[in-house]
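Encoded as structure tokens, the structure appears first; notes follow it.
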Amino acid sequence: MGVPVSQMWTVASYVIKQKLKGNKRYPLVLMLEPLFRCNLSCAGCGKIQYPDHILKRVLSAEQCLAATDECGAPMVSIPGGEPLLHPEIKQIVEGLVARKKYIYLCTNAILLQSKLHLFKPSKYLTFSVHMDGLQHEHDEAVCRDGVYEKALGGIKAALKEGFRVTTNTTLFDGAQPERAREFFDEMMKVGVEGMMVSPGYSYSKAPDQKHFLGRQKTNQLFKKILFDGKRSWKFNQSPLFLEFLAGTRDFECTPWGNPTYNIFGWQKPCYLLQEGYAATFKELISDTTWENYGRKSGNAACQDCMVHCGHEPTAVDHTFGSWNGFWSTVKATIAGPKILKPAPESFEAMEITEKKVVNG
Amino acid sequence: MASSTHTSEDFIQGRILKSSEPDFFEGLKAVVDYRGDVTLSLVDGNTVEGYIYNQSLSGLEIFPKNSPRAISINFKEIDSIQFSGEDTANGKTFDDWTKKKEAEKVAIKAQPIEMA
């Protein structure tokens with residue numbers, strides 16, 4: 001099963017409507033963080049390092065739904081923290097389904113099996129399970145043994161009950177392309193609807209600062225992973241974004257595309273950077289100096305960022321922004337994303353060094 | 001404008017930032033960035049302990065430790081700010097984890113091989 005046509009239609013018609021209205025800065029996915037508390041402490045995560053009294057605070061279901069209405073995005077991603085720890089997660093999901101929002105509930109799936117009874121299968125609800133690779137890689141990334149098996153059990157249970165399930169995978173420096181390809185095969189065998197991949201972002205607050213990828217390394221890694229990719233692999237993201245990751249095309253960031261709301265308010269400017277909070281969504285859009293973000297701005301924090309939350313909205317906007325963009329998407333959807341052959345190992349170091357000199 | 005004399009290493013647990021310091025407003029960036037509780041000493045003699053998450057044009061927004069609601073405190077009311085709580089981002093989780101895994105590998109290699 002792929003992304004339902006109704007979801008594609010909802011997103012397409014929403015984006016076209018925004019274009020017709022002349023609205024340049026529109027949200028595509030609301031990143032709703034109802035809590036920061038998590039039952040894991042992953043090395044690459046900079047989201048959960050807060051004092052205990054902050055980790056105990058949650059957004060109420062009412063606050064979550066009010067933020068959803070205020071934002072107006074057609075899709076809502078619920079990361080965290082671990083959303084399944086939220087005492088009102090059932091009410092939040094029910095409220096969003098009632099609003100016909102397409103929900104990606106991002107979970108490490110440790111609690112998924114035991115909490116499935118709270119939810120009803122729906123085309124609007126997808127469990128997006130954090131899986132950073134096969135057992136060895138995933139357990140290492142989440143800093144706890146046994147989590148891969150637990151998550152796999154959760155995925156299988158959810159699929160059996162008829163829920164939509166996808167995986168989300170963050171790749172860091174040192175990731176082995178062959179292992180990533182084996183992982184894709186494995187997830188397809190398990191029967192998930194699709195996979196999402198993204199390079200990690202160098203959160204200043206993450207405990208592990210050594211393994212975040214630079215831009216050239218990201219391109220090389222994704223070329224190796226995606227070149228000659230199997231037809232059986234299904235990705236739950238824009239094929240143009242995959243081409244961007246592999247360096248086939250370049251996209252600028254759309255920081256307002258995935259606005260973030262949490263207990264502090266509307267996070268400025270994006271899901272990854274934390275430069276203050278706005279009280280309202282309108283204030284976030286109107287008062288943020290957007291020119292200061294994205295690679296072209298020269299902002300150091302944006303130079304190596306190729307994360308999906310900033311660049312996937314660009315890919316979607318590109319699709320509906322011109323016939324060329326639309327046609328490229330159609331081609332990449334039918335024939336697979338265009339991925340250039342990776343350079344041989346011996347040329348790779350040279351290529352990266354040369355690019356660094358050029359970038360200066 | 002003179003550049004700040006502060007570095008991020010200045011703002012560790014225990015540091016006190018006085019409002020009378022010339023770099024007070026520069027130091028507020030570190031206060032908002034700090035992932036631990038701080039204690040605000042106010043000019044009226046009261047103190048507020050909690051987590052500062054935002055700086056507005058007029059003051060700081062804080063979740064007091066023992067209150068369900070956030071409050072705003074005007075800059076004029078602040079005498080000093082102490083970095084009183086542990087910096088929760090100052091962890092070595094990944095290092096600890098890799099050390100543990102390395103130790104496990106060494107232990108496995110050190111085990112005698114059982115002969116069939």
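Throughout, a chain's letter reflects where its sequence line sits, starting with A, and its residues are numbered from 1.
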If you take all heavy atoms of A:Gln49 and B:Arg35, which pair is closest and at what distance? O-CD, 2.9 Å
Minimal non-hydrogen separation, B:Thr88 against A:Pro51, with atom names: CG2-N, 3.9 Å
Below 4.5 Å, heavy-atom pairs only: which of B:Lys65, B:Glu61, B:Glu86 has the largest tally toward chain A? B:Lys65
Assert top hit (heavy-atom pairs under 4.5 Å, partner chain A, pool B:Gly36, B:Pro64, B:Ser56, B:Gly50) equals B:Pro64
Find the distance between CG (B:Asn54) and CD (A:Glu275) and round it off to the nearest 0.5 Å. 11.5 Å
Just how far is it from atom CD of B:Glu49 to atom NE2 of A:His53, taken to the nearest 0.5 Å? 7.5 Å
Around atom CD of A:Glu62, are there more than 12 heavy atoms of other residues, nucleotides or ligands at under 6.0 Å? no
For the residue pair A:Phe264 and B:Tyr53, does the interplanar ring angle fall in the parallel (under 30°), tilted (30 to 60°) or perpendicular (over 60°) class? parallel
